[in-house]
Number of protein chains: 2
Amino acid sequence: MADVKTGYNPLFLREEELRQAMELLFFAYRDFTRVPDQILAKHGFGRAHHRVIYFVGREPGITVSELLRLLQITKQSLSRLLSQLVREGFIQQSPGAQDRRQRRLELTEQGRALERELSENQRRLIAAAYREAGAEAVEGFRRVMLGMIEEGDRRRFDRREGQPESGAGPRRLTR
Amino acid sequence: MADVKTGYNPLFLREEELRQAMELLFFAYRDFTRVPDQILAKHGFGRAHHRVIYFVGREPGITVSELLRLLQITKQSLSRLLSQLVREGFIQQSPGAQDRRQRRLELTEQGRALERELSENQRRLIAAAYREAGAEAVEGFRRVMLGMIEEGDRRRFDRREGQPESGAGPRRLTR
DNA sequence: GTTTTTACGTCAGCCATGTTGACTTTTATC
DNA sequence: GATAAAAGTCAACATGGCTGACGTAAAAAC
């Protein structure tokens with residue numbers, strides 16, 4: 001175990017180490033979302049809109065139920081977000097080719113512009129952290145983070161070049 | 001850069017790598033907070049109460065303004081959380097010894113019990129991820145996460161045994 | 001071809017948690 | 001004694017979760 005400075009009381013270190021991890025998550029997430037939240041506020045949107053914009057940008061043609069599975073919120077909540085984003089011209093819908101019940105979602109040009117603006121900042125933050133920490137640390141970061149993520153969503157992170165396939169079946173549609 | 005499988009298009013990999021990091025954060029945070037959120041709901045509390053309980057448990061005797069700096073919310077928001085937690089017997093206040101304007105906060109026995117219940121789950125999740133990933137990966141995880149955290153809060157994570165000293169001065173009290 | 005299931009939507013209302021702005025009380029400090 | 005700081009309070013508002021109930025259209029099953 002990474003042999004830390006003095007003392008070496010493994011029990012204490014373990015407890016302390018785990019607490020530090022909890023705090024790392026809290027602080028990193030807090031700081032990771034700060035700037036995007038400010039940008040979103042100018043449009044009258046919130047963090048939830050960002051998540052929708054992000055995943056629709058990431059997987060153009062994604063369906064509502066796939067989005068629901070990723071976000072793990074209720075369809076009523078998602079519906080509110082989506083209808084705002086459609087109404088204001090950031091997302092457009094079109095019926096699925098095989099299954100015409102589906103609404104396939106994609107960003108409009110305006111939506112792509114906002115997406116870029118939002119993620120630019122986050123990419124910069126991460127790129128800086130990656131650069132500082134070095135390639136080996138990045139690999140470790142990936143491994144630890146993956147271990148905390150629910151099984152069904154891990155496949156997104158297989159080293160690959162194509163688009164993600166959004167995992168297994170649905171899991172809590174309306175509850 | 002950790003030499004990934006095929007292709008090796010560094011530009012694509014970079015973009016893809018950064019997007020993956022964003023998603024790792026999103027999914028890990030989502031799954032990290034799921035169980036505690038359920039426990040809190042049984043008490044009529046939310047995630048914000050958890051953060052207060054956590055930091056008060058972590059730094060007994062912490063003052064309101066120190067908490068405000070950590071959480072970066074307004075004192076009105078914090079005040080609502082605190083008064084609920086005090087009213088329901090999870091936190092108790094006592095005036096500061098030197099400065100009697102301060103309310104020094106600490107968990108009651110009931111508060112400590114809830115804190116343990118909440119963090120037990122998160123510790124288990126992290127411990128499992130740490131174990132799977134290995135000591136070296138853990139070190140990398142720390143380094144990357146630290147790089148994303150605002151300067152003033154990094155000192156909390158210096159390798160040490162004592163209690164954290166809650167960083168620099170205040171930063172947005174009521175705005 | 002009728003029935004059932006699925007994908008999606010909608011209305012109404014509740015709660016938690018963030019916000020702003022204005023004002024008060026208590027205590028330290030200059 | 002005046003000023004500043006730590007904390008609290010009241011009021012009002014927005015976002016984004018939630019539940020429950022109901023509706024519609026298309027696909028799938030019988």
Side-chain angles (χ1 to χ4, degrees), chain A residues 30 33-34 36-38 40-53 61-69 71-88 91 93-105 166 169-175, chain B residues 29-30 33-34 36-53 61-69 71-88 91 93-105 166 169-175:
Chain A
R30 182 198 69 178
T33 51
R34 176 163 24 231
D37 283 356
Q38 289 164 358
L40 288 155
K42 294 189 299 189
H43 295 265
F45 294 145
R47 197 177 293 177
H49 299 87
H50 187 184
R51 296 196 276 254
V52 172
I53 288 174
I62 192 173
T63 64
V64 171
S65 53
E66 283 166 346
L67 253 186
L68 284 174
R69 209 200 64 78
L71 301 177
Q72 297 190 8
I73 58 177
T74 58
K75 65 171 180 176
Q76 293 93 327
S77 296
L78 177 54
S79 176
R80 189 166 41 200
L81 301 167
L82 267 180
S83 56
Q84 292 171 65
L85 288 167
V86 169
R87 190 179 337 117
E88 311 209 10
I91 284 182
Q93 303 169 318
S94 50
Q98 310 98 311
D99 186 337
R100 299 213 322 274
R101 289 171 305 179
Q102 297 176 339
R103 261 80 165 176
R104 301 254 159 186
L105 306 169
S166 6
R171 246 189 59 116
R172 180 217 253 193
L173 290 179
T174 192
R175 272 239 298 213
Chain B
Y29 203 76
R30 181 198 71 178
T33 51
R34 177 164 23 231
D37 282 356
Q38 288 164 359
I39 298 171
L40 289 155
K42 294 189 300 191
H43 295 263
F45 294 146
R47 197 177 293 176
H49 298 88
H50 187 184
R51 295 196 276 253
V52 173
I53 288 174
I62 192 174
T63 64
V64 172
S65 53
E66 283 165 347
L67 253 186
L68 284 174
R69 209 200 63 79
L71 301 176
Q72 297 190 9
I73 57 177
T74 58
K75 65 172 178 175
Q76 294 92 328
S77 296
L78 176 55
S79 176
R80 186 167 43 201
L81 300 166
L82 267 180
S83 56
Q84 291 171 67
L85 288 166
V86 169
R87 192 180 334 118
E88 311 208 10
I91 284 182
Q93 304 169 317
S94 51
Q98 310 97 312
D99 187 336
R100 299 215 319 276
R101 288 170 305 181
Q102 298 175 339
R103 262 78 165 175
R104 301 252 157 190
L105 306 169
S166 12
R171 247 189 59 114
R172 179 216 252 192
L173 289 180
T174 192
R175 275 236 299 205

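Residue numbering restarts at 1 for every chain, and letters A, B, ... go by the order of the sequence lines. Everything quoted here is computed from the prediction, not taken from an experiment. All heavy atoms count here, side chains included; hydrogens, waters and symmetry mates do not.
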Check: B:S77 side chain, B:I73 main-chain N or O, donor-acceptor pair, under 3.5 Å: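 A pair under 3.5 Å: no.
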Identify each atom pair where a protein N or O and an N or O of nucleotides 4-6 of chain C are less than 3.5 Å apart, giving names and distance.
unit_1, atom_1, unit_2, atom_2, d
C:dT6, O2, A:R101, NH1, 2.6

Compare side-chain N and O positions of [X] against OP1 and OP2 of [N] and report whether any pair is under 4.0 Å apart.
X     : N      : value
A:S79 : C:dT10 : yes
B:S77 : C:dT17 : no
B:Q98 : C:dA28 : no
B:S65 : D:dA5  : no
A:Q84 : D:dG16 : no
B:T74 : C:dG18 : no
B:H49 : C:dT17 : yes

Using atom [atom1] of [X] as one end and atom [atom2] of [N] as the other, report the distance to the nearest whole Å.
X      : N      : atom1 : atom2 : value
B:H43  : C:dC15 : NE2   : C1'   : 17 Å
B:Q76  : D:dA6  : CD    : P     : 15 Å
B:I62  : D:dA6  : CD1   : C1'   : 14 Å
B:R100 : C:dT25 : CZ    : P     : 18 Å
B:Q38  : D:dG17 : CD    : P     : 16 Å
B:K75  : D:dT9  : NZ    : C1'   : 9 Å
B:Q93  : D:dA6  : CD    : P     : 17 Å
A:R34  : C:dT19 : CZ    : P     : 12 Å

A:A97 or B:R104: which one's nearest nucleotide on DNA chain D is closer to the 5' end?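 Going by which nucleotide is closer to the 5' end, it is B:R104.
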Select from B:R80 and A:L81 the residue whose nearest nucleotide in DNA chain D is closer to the 5' end of that strand.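 Its nearest nucleotide being more 5', the pick is B:R80.
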Tell me what [X] touches on the nucleic acid: a base, only sugar-phosphate, or nothing, going by heavy atoms under 4.0 Å.
X     : answer
B:R51 : sugar-phosphate
B:G96 : nothing
A:S83 : nothing

Flag the pair [X] / [Y] as yes when at least one side-chain heavy-atom distance between them is below 4.5 Å, and no otherwise.
X     : Y      : result
B:L85 : B:F45  : yes
A:K75 : A:S79  : no
B:V86 : B:Q93  : yes
A:I62 : A:R104 : no
A:Q38 : A:K42  : no

C:dG18 base to B:Q72 side chain: any donor-acceptor pair below 3.5 Å?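 By the distance-only test, no, there is no pair.
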Do A:R47 and C:dG18 share a donor-acceptor pair, side chain to base, under 3.5 Å?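 Donor-acceptor pair under 3.5 Å: no.
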Per A:I73 side chain, nearest of listed nucleotides D:dA7, D:dC18, C:dC8: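 The closest nucleotide is D:dC18.
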Name of the residue among A:Q84, A:H43, A:E88 meeting side chain to side chain donor-acceptor pair (under 3.5 Å) with A:H49: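 Filter result, single survivor: A:Q84.
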Let me confirm one number: the CG-CD distance from A:L105 to A:E66, rounded to the nearest 0.5 Å.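 Taking CG in A:L105 and CD in A:E66, the distance rounds to 9.5 Å.
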